[in-house]
Amino acid sequence: MKVLVLNCGSSSIKYQLIDMETNEVQAKGTVERIGESEGKLKHKTAKGEKVLHEVFATHSDGLKRAFELLCDNDPIKDLCEISAVGHRVVYGGEALTKTCLITPAVLKTIHDAEPLAPLHIPAHVLGIKVVQDLLPGVPQVAVFDTAFHQTMPEHAYLYALPYELYTEDHIRRYGFHGTSHQYVAKRLAELMGKPVESLNIITCHLGNGSSITAIEGGKSIDTSMGLTPLEGLCMGTRCGDLDPAVLTFLGKSKGWDLQKLDDICNKKSGLLGLSNISNDCRVLEDLVLAEGNADALRAMSVFNYRILKYIGSYATVLGHVDAIVFTAGIGENSPYVRKEVCSKLQLLGVEIDEIANDVHGKERRISTDASAVEVWVIPTNEELAIAQQTYALVKSL
Ligand code: ADP
């Protein structure tokens, strides 16, 4: 059985075709700049990579072209070889709390959530409709970024705002990256040879977008992202936690409108805003390590400190921590960030093995035998997790 995993964004589509018997990625690609004057499609299989520069006026055009490449006998001959399609959907809210088959009712619920995720939902809905047209009858499954965090207790997901803003307007913490946090927690339990239900874990998903989750017995009990993926850690271009009064102050003092404030917080802040150099952790890290560059150091210090603070607070919330996991681009590849954070976790009895910590993109325990908390690097694989959940659901039908 082959599952196609789709991640439809506002101007791009990412796809992977995965063989569920072997978990092998048979093809992967991206369609970028949909709706622009020139689009780009990258398609990679075991035989090599093709790059096309064409106009993709709509998501439908882009997906059709990707499907043509998939069926070019590499890796399949016909679309009917695709048994199911798994969609990454950023937001499921309180209505869609589990991976589910996309029925007309589910599609409507996803669609109705557009005001809370205006950049993503329209693209997800388009993607689902295009697949309905191109692959009629093939089951489609939605896997939600927010689903894993629906186990958070009320005291963790409520903001201290007037309660009606929750009951009537659904303003609350939802959390994101759920598929990734869940995947690495499950994988950690396998690696430790213990049931996930017996473990308290803090998972640090550190990429361009970053979040940290407190997982008690396999269930998310708190996470750093909130109503949107803007809250929490310092990220590539996002500010993370902020006194909300900063926005009203800037609105009044500079006359900035809501769009400008949104832009500043989402696109001009974080590592980029603090350093005025780059949003890319690798660039900043190199500058810090090679020459102690003050601008890069300022940004990385805020980035690392925020991670430390969240781990500390989640340790308190959990009461006892068995393991800390680092994942995603930075978590998997930056011995510097891991060391900066872990060396300050003496209160938890964390001790890092510097040699083991020199690892990039591979599963490895990086704590010493004496460490009171195990620390692991575990590469995330959201596409495989989506494919596995899609496969399990379709098989059970
Ligand atoms: P997203 O999926 O949120 O776009 P990724 O998980 O791909 O992000 O992570 C991107 C980040 O990972 C970038 O900031 C990049 O600099 C960082 N990264 C990748 N490799 C390294 C490395 N070797 N050292 C430090 N950071 C790295």
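All ligand and atom numbering here is 1-based and tracks the order in the structure. Not measured: the values here are computed from a predicted model.
- Nearest protein heavy-atom contact of atom 21 (C) of ligand 1 is Asn333 CB, 3.4 Å.
- Protein heavy atom closest to atom 8 (O) of ligand 1, with residue, atom name and distance, is Asn208 N, 3.0 Å.
- Of the protein's non-hydrogen atoms, the one nearest atom 16 (O) of ligand 1 is Asp280 OD1, 2.1 Å.
- In terms of hydrophobic clustering, with Ile, Leu, Val, Met, Phe, Trp and Tyr side chains grouped at heavy-atom distances under 4.5 Å, Ile324 and Leu191 are assigned to different clusters.
- One hydrophobic cluster holds both Tyr391 and Leu397 under the rule that ILVMFWY side chains link at heavy-atom gaps under 4.5 Å.
- Within the cation-pi definition used here (under 6.0 Å to the ring centroid, within 45° of the axis), Arg172 qualifies as a partner of Tyr157.
- Of the N or O atoms in Gly329, one or more lie within a sub-3.5 Å distance of an N or O in ligand 1.
- Within a 4.0 Å radius of atom 5 (P) of ligand 1, the protein contributes at least one heavy atom.
- Of the protein's non-hydrogen atoms, the one nearest atom 17 (C) of ligand 1 is Ile330 CG1, 3.5 Å.
- Annotation for ligand 1: atoms under 4.0 Å from non-hydrogen atoms of Glu285 are 24 (N), 25 (C).
- Using a cut-off of 4.0 Å between Lys/Arg side-chain N and Asp/Glu carboxylate O, Lys40 and Glu54 are scored as not salt-bridged.
- In terms of N/O distances under 3.5 Å, ligand 1 is not approached by His205.
- Taking any N or O of Ala328, backbone or side chain, none lies under 3.5 Å from an N or O belonging to ligand 1.
- Residues Leu17 and Val31 share a single hydrophobic cluster, defined by chaining ILVMFWY side chains whose heavy atoms lie under 4.5 Å apart.
- If you check which protein heavy atom lies closest to atom 14 (O) of ligand 1, you get Cys281 N, 3.2 Å.
- In this structure, CG in Asp222 is found 9.5 Å from NE2 in His149, a value given to the nearest 0.5 Å.
- Inclusion of Gly209 in the set of residues having an N or O under 3.5 Å from an N or O of ligand 1 is warranted.
- Taking the six-membered ring for Trp and the full ring otherwise, Phe144 and Tyr91 have centroids separated by 6.0 Å or more.
- Between Lys219 and Glu216, no side-chain nitrogen of the basic residue sits less than 4.0 Å from a carboxylate oxygen of the acidic one, so the salt-bridge criterion is not met.
- Close approach of ligand 1 to Ser334 (heavy-atom distance below 4.0 Å) involves ligand atoms 25 (C).
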